[in-house]
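Worksheet: one structure, shown below.
Counting from 1, the numbers follow the sequence of the chain as shown.
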Amino acid sequence: MKFFSKDEAAVEEKTAAPTYSGDEGDAREAVVEDVSGLHRRLSNRQIQWIAIGGSIGTALFVSIGWGLIEGGPGSLFLAFAIYCGFLALVNSCMAEMTVFMPVVGGWVRMGSMWVDEAYGFMAGWNFFLYEAVLIPFEISALNLVLTFWRDDIPVAAVVSACVVLYAAINLLAVRAYGESEFWLASGKIILIIMLFCFTFVTMVGGNPKHDAYGFRNWNKPGSFAEYIHTGSLGRFEGFLGAYFQASFTIVGPEYVAMVAGEAIYPRVTIKAAFKTMYWRFGIFFILGALCVGIILPYDDPTLNDLLNNVGTGTGASSPYVIAMKNMGISVLPDLTNALMVTSIFSAGNSYVYCATRTLYSLSIDGHAPRFLRKTTKKGIPIYCFLVTMIFPFLGFLSVSSGAAQGVKWLANITQAAQLLDYIFMCTIYLFFYRAMKAQGYDRNSLPYKGWGQPYVAIAGLITMTVTLCIYGYAVFYSFDVGTFMTYYAMCFICVVAWIGFKLIKRSKFVKPLEADLVWERPAIDAYEASIDAPLGIWTDIWQSVTRTKKTKQSHAHE
């Protein structure tokens with residue numbers, strides 16, 4: 001497998017001119033058909049719903065229970081609110097960079113272009129491994145959620161069905177992925193709205209027991225649980241437990257950045273997706289944490305027994321399902337579990353897409369074998385997809401209980417990768433900001449200007465770094481090498497990747513005056529100038545649902 005330098009990759013990419021297509025006799029209708037080999041096919045509604053789908057995961061409905069039993073409702077609410085604020089700092093950085101330069105590969109390639117080629121290599125492979133390993137983990141979780149109804153469903157059949165469906169969705173065209181995620185994300189939205197309504201109605205007395213319990217669980221057993229130790233230290237550790245659960249539940253900016261290279265009208269739709277991310281943090285995550293703390297006490301015996309003995313993979317361990325059963329509510333638990341099935345499937349689908357595009361972006365920059373740059377006529381990185389689809393087959397290991405533990409272990413050691421991603425994003429922004437200033441760019445003229453920069457990026461870098469450093473603190477109470485590596489293995493892998501690349505390739509940090517802030521902007525500007533503005537989000541949704549006639553602009557991309 002031949003790897004090649006960034007300079008060689010750039011030469012080859014420039015020699016492959018973008019193709020154009022349009023209506024005869026109308027030069028303005030000419031549009032850039034592909035940029036870096038991929039097609040821009042994701043509409044406004046698909047982008048916005050992908051942003052929602054990438055933000056809402058199974059953790060918000062199931063494993064959030066860990067935060068409740070470790071920290072209590074007060075700590076859970078505060079932890080989610082605080083971490084949402086920290087991730088908002090990262091979102092501001094990503095929004096400015098991505099809207100300015102909506103390229104294929106997003107922030108991964110920006111690391112190579114604006115920081116250091118070794119930095120992009122490290123960030124890209126970190127993100128790829130994180131996304132790829134989560135695919136079989138989600139398939140395993142899907143198997144467990146299905147046991148809510150019956151436990152004799154063949155594991156191999158579920159894995160096979162997921163592999164076939166993921167392949168079909170991701171091979172048809174990027175628009176097929178966008179359409180599938182639009183409807184799957186709609187299911188997530190319906191689920192969370194339903195659970196919010198369930199919480200409000202039952203807390204004011206609308207339940208079979210006619211018990212208006214309100215905020216009773218905040219008073220008894222209390223708002224703040226003790227974890228590991230007792231007293232004030234134990235309550236603080238309980239808050240940390242809830243905070244770490246928040247750090248693995250709340251996501252979003254990375255998924256918006258990854259679809260920017262395939263958005264029909266990137267600067268408008270991606271900008272809107274990033275700007276509404278703050279509302280999603282508040283509505284879905286903070287309000288979600290509040291609801292969980294209302295419906296169940298942190299010492300609920302069923303919740304504690306299921307999480308400690310079964311784990312968070314089964315829908316029966318969802319705080320919402322447990323609360324419904326405690327109140328004697330039927331049917332609703334089945335509906336909740338059914339929507340969780342679609343949520344888990346959607347998560348795996350997103351991981352397949354992101355892992356494929358990340359590997360493709362690595363190959364474009366010469367950080368992966370060059371044969372991976374091959375794309376189909378529909379703009380699918382075919383070989384990157386085939387490599388990524390090796391990982392779903394690891395789901396077959398779930399047939400054996402011992403091998404299933406191996407899948408969980410792989411997923412656990414990549415958890416630090418998520419925090420590392422946010423650290424990378426803030427670091428890349430600081431280099432981007434420095435280059436903008438050195439080259440005399442007026443940030444007020446940018447299509448999107450992040451607030452409070454560069455202090456927001458510095459604050460984001462510090463908070464995410466501190467979170468990464470302390471999230472495995474409990475291992476030092478009784479040190480175990482295996483557990484320690486579970487928490488921090490990806491940190492060591494990234495350091496080795498970065499140092500190894502620098503030693504072999506002799507890459508240097510990019511100087512501010514030499515950073516390429518032009519890059520693909522001319523092609524993107526020409527493309528956006530050649531098409532009409534995108535449909536408004538609600539107009540786009542209405543036309544998709546009613547299948548009414550679309551505009552000339554959207555029809556051109558069918």
Side-chain angles (χ1 to χ4, degrees), residues 38-39 41-42 46 49-50 53-54 57-58 128-188 191 255 258-259 262 313-315 337-360 372 374-401 403-404 406-408 410-411:
L38 305 186
H39 295 178
R41 289 290 185 272
L42 297 176
Q46 292 170 340
W49 256 237
I50 287 172
T58 312
F128 171 75
L129 290 174
Y130 171 67
E131 296 292 311
V133 168
L134 283 178
I135 302 171
F137 181 75
E138 290 296 332
I139 294 176
S140 298
L142 184 61
N143 272 300
L144 289 172
V145 167
L146 290 173
T147 62
F148 177 83
W149 291 298
R150 51 189 301 171
D151 55 9
D152 60 348
I153 300 175
V155 173
V158 175
V159 176
S160 300
C162 287
V163 170
V164 171
L165 289 173
Y166 289 155
I169 292 171
N170 285 272
L171 272 180
L172 288 175
V174 68
R175 191 180 58 172
Y177 165 78
E179 197 65 20
S180 67
E181 278 304 295
F182 173 77
W183 294 107
L184 289 169
S186 296
K188 292 183 182 182
L191 173 59
Y255 296 102
M258 289 306 295
V259 299
E262 293 173 274
T314 172
N337 199 72
L339 289 171
M340 277 196 285
V341 168
T342 64
S343 177
I344 295 173
F345 179 83
S346 171
N349 194 36
S350 295
Y351 296 145
V352 171
Y353 173 87
C354 287
T356 300
R357 268 53 179 186
T358 303
L359 187 58
Y360 181 68
L372 295 173
K374 172 70 176 177
T375 60
T376 66
K377 293 181 179 180
K378 295 182 178 180
I380 303 299
I382 183 62
Y383 293 132
C384 292
F385 169 77
L386 293 175
V387 171
T388 300
M389 287 303 292
I390 294 173
F391 289 86
F393 284 94
L394 294 176
F396 283 107
L397 295 175
S398 299
V399 175
S400 165
S401 59
V407 175
K408 292 180 181 179
L410 283 174

(request) First locate atom SG of Cys354, then atom CG of Leu359, and finally report the distance between them rounded to the nearest 0.5 Å. (result) 13.0 Å

(message) Distance alone, cut at 3.5 Å: any donor-acceptor contact between the side chains of Glu262 and Tyr353?
(response) yes

(message) If we check side chain to side chain contact (heavy atoms under 4.5 Å, CB included) with Tyr166, which of these qualifies: Thr388, Leu171, Asn349?
(response) Asn349

(request) Can you see which heavy atom on Glu181 is nearest to which on Ser350, and at what distance? (result) OE1-OG, 3.2 Å

(request) Heavy atoms only: give me the nearest Ile135-Gly348 pair and the separation to one decimal. (result) CG1-O, 4.4 Å

(message) As an exercise, state the distance from OG of Ser343 to CG of Leu191, rounded to the nearest 0.5 Å.
(response) 7.0 Å

(message) Could you report the tightest heavy-atom contact between Ala132 and Ala355, atom names first, then the distance?
(response) N-CB, 4.1 Å

(request) Could you check if a side-chain atom of Pro136 sits within less than 4.5 angstrom of a side-chain atom of Phe393, using non-hydrogen atoms only? (result) no

(message) Taking the ring centre of each residue, are Tyr383 and Tyr360 less than 6.0 Å apart?
(response) no

(request) Apply the test side chain to side chain contact (heavy atoms under 4.5 Å, CB included) to residues Asn143 and Val159: give CA-CA distance (whole Å), side-chain angles for both, the deciding distance (0.1 Å), then the verdict. (result) CA-CA 8 Å; Asn143 272 300; Val159 176; 3.9 Å; yes

(message) Donor-acceptor pair, distance only, cut-off 3.5 Å: does the side chain of Asn337 make one with the backbone of Val145?
(response) yes

(request) Starting from the C-alpha separation in whole Å, work towards a yes-or-no answer on side chain to side chain contact (heavy atoms under 4.5 Å, CB included) for Tyr130 and Thr358. (result) CA-CA 11 Å; Tyr130 171 67; Thr358 303; over 6 Å; no

(message) Please give me the minimum heavy-atom distance between Arg41 and Gln46, naming the atom from each residue.
(response) O-OE1, 3.7 Å

(request) Quick one: pull up CG in Leu184 and OH in Tyr177 and give me the separation to the nearest 0.5 Å. (result) 9.5 Å

(request) Could you tell me which non-hydrogen atom of Thr375 sits nearest to which non-hydrogen atom of Pro381, and how far apart they are? (result) CG2-CA, 4.0 Å

(message) Quick check for you: to the nearest 0.5 Å, what is the distance between Leu339 atom CG and Ile344 atom CD1?
(response) 11.5 Å

(message) Within the structure provided, determine whether Lys188 and Trp49 are in side-chain contact (heavy-atom separation under 4.5 Å).
(response) no

(message) Nearest 0.5 Å, please: how far is OG in Ser180 from CD1 in Ile50?
(response) 8.0 Å

(request) Report the C-alpha separation of Leu142 and Val341 in whole Å, then their side-chain angles, then the decisive distance to 0.1 Å, and conclude whether the side chain to side chain contact (heavy atoms under 4.5 Å, CB included) test is met. (result) CA-CA 6 Å; Leu142 184 61; Val341 168; 3.5 Å; yes

(message) Once rounded to the nearest 0.5 Å, what's the spacing between atom CZ of Phe385 and atom CG of Asn170?
(response) 5.5 Å

